[in-house]
Amino acid sequence: MALECKDLLGMQYLNPEQINEIMHTAEQMKQILLQSSKKTPHLQGKSIVTLFYENSTRTRMSFELASKYMSAAAANISASTSSVQKGETLIDTGRTLDRMGTDLIIIRHPMSGAPHLLAKHVKAGVINAGDGMNEHPTQALLDLYTMREKKGADIKGLRVAIVGDVAHSRVARSNIWSLTKLGAQVRICAPRTLMPVELEKTGVQVTSSVEEAVTGADVVMGLRIQLERQKKGLFPSVKEYNDFYGLTPKRIKLADPEVLIMHPGPMNRGVEISSQVADSAASAIDEQVTNGVAVRMALLYMLTRKGSVK
């Protein structure tokens, strides 16, 4: 089934029916992913380009593998080795790719709104693979898929605690959009210096106490401390952050006995999450990576179906 538009720019633009359709398609794609032979003709004749202006391992590789598993012609462009270094604008880069017959452009950019700008100037579909501190919709979708797989398809009423550097986290924003739309009870926890103002207006519970956030939680998601995006002085030291906000076995014991531990990666072990928690039987962090490929296979397929463009 095709999505109603040519682009995936953010979770805020998807309705629950579209989200559920993506989840259903991802289930089918995961079955393909688990086979010994992963080559399928779903995207044969399609051209997919990853255009990354920031470093990435998981997101970029999962998109590239998803493209190749489904027989697309896949190429990647790194800003550090492209004409961007010669002064070429984002719009001109996009138009160049359009002229080469590209069907989908997957973009990661340090500026919020860059994928939206690109989408307005190209015929190709555009997937937001992370824009500044705004959104990371494919991460939220793979997180949601993992929760459904482990906790059941009905997300309504699920108690989800998200703990960490919320202020700089596009993952947190996309998860808030998706989870609240589907009726989950979302608790957000961070030091006040790492908490966006008026976040309560999004329908989540806000606290600066990890203990309060994780108590009785069905899912606990840690967020990476993004030192590269921060100004100095937001917290005294990583050791002190770990002492007050780290996800430790003692704190996780306050959650539901069947709690699911998640993290978008890469992890700072011993900072936002301990190795005991990350490697515990409750952790689905490795499975999130696998599910990320399945979800991105689903999106590539759905966005290239005939009639998907408005």
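Everything numeric here is computed off the predicted structure, so don't read it as measured data.
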Task: Steps toward ring-ring contact (aromatic ring centres under 6.0 Å, His included) verdict (Y145, H24) - done: CA-CA 9 Å; Y145 182 90; H24 176 70; over 10 Å; no
- [ ] Let me know which of L303, V122, T304 forms a side chain to side chain contact (heavy atoms under 4.5 Å, CB included) with K6.
- [x] V122
Open item on the list: I273 and side chain to side chain contact (heavy atoms under 4.5 Å, CB included): which single residue from T248, N268, N242, I285 fits?
Closed with: I285
Open item on the list: With a 4.5 Å cut-off on side-chain heavy-atom distances among I, L, V, M, F, W and Y, is there a chain of contacts connecting Y301 to I32?
Closed with: yes
Report yes if the side chains of [X] and [Y] come closer than 4.5 Å at any heavy-atom pair, otherwise no.
{"X": "L141", "Y": "M23", "answer": "yes"}
{"X": "L104", "Y": "T102", "answer": "no"}
{"X": "I162", "Y": "R187", "answer": "no"}
{"X": "S67", "Y": "L300", "answer": "yes"}
{"X": "L247", "Y": "H263", "answer": "no"}
{"X": "E258", "Y": "K150", "answer": "no"}

Task: R269 with D279: basic N within carboxylate O range, under 4.0 Å - done: yes
Task: Stacked cation flag R60 on F52, 6.0 angstrom / 45 deg - done: yes
- [ ] Kindly check if the number of other-residue, nucleotide or ligand heavy atoms within 6.0 Å of CD (E200) is above 12?
- [x] yes
Open item on the list: Can you confirm whether K39 is buried at NZ, in the sense that more than 12 heavy atoms of other residues, nucleotides or ligands lie under 6.0 Å from that atom?
Closed with: yes
In terms of side-chain heavy atoms, does [X] have a donor or acceptor partner in [Y] at a distance below 3.5 Å?
{"X": "K181", "Y": "N15", "result": "no"}
{"X": "E135", "Y": "Q12", "result": "yes"}
{"X": "T146", "Y": "N291", "result": "yes"}

- [ ] Look up atom NZ in K46 and atom CG in D103, then write down how far apart they are to the nearest 0.5 Å.
- [x] 5.0 Å
- [ ] To the nearest 0.5 Å, tell me how far D143 CG sits from N175 CG.
- [x] 4.5 Å
- [ ] Take H136 and R173 through the test side-chain hydrogen bond (donor to acceptor under 3.5 Å, both in side chains) and record every step on the way to the result.
- [x] CA-CA 8 Å; H136 194 348; R173 285 168 178 77; over 6 Å; no
TODO: Step by step, work out the side-chain hydrogen bond (donor to acceptor under 3.5 Å, both in side chains) result for T207 and E212.
DONE: CA-CA 7 Å; T207 178; E212 181 182 351; 2.9 Å; yes
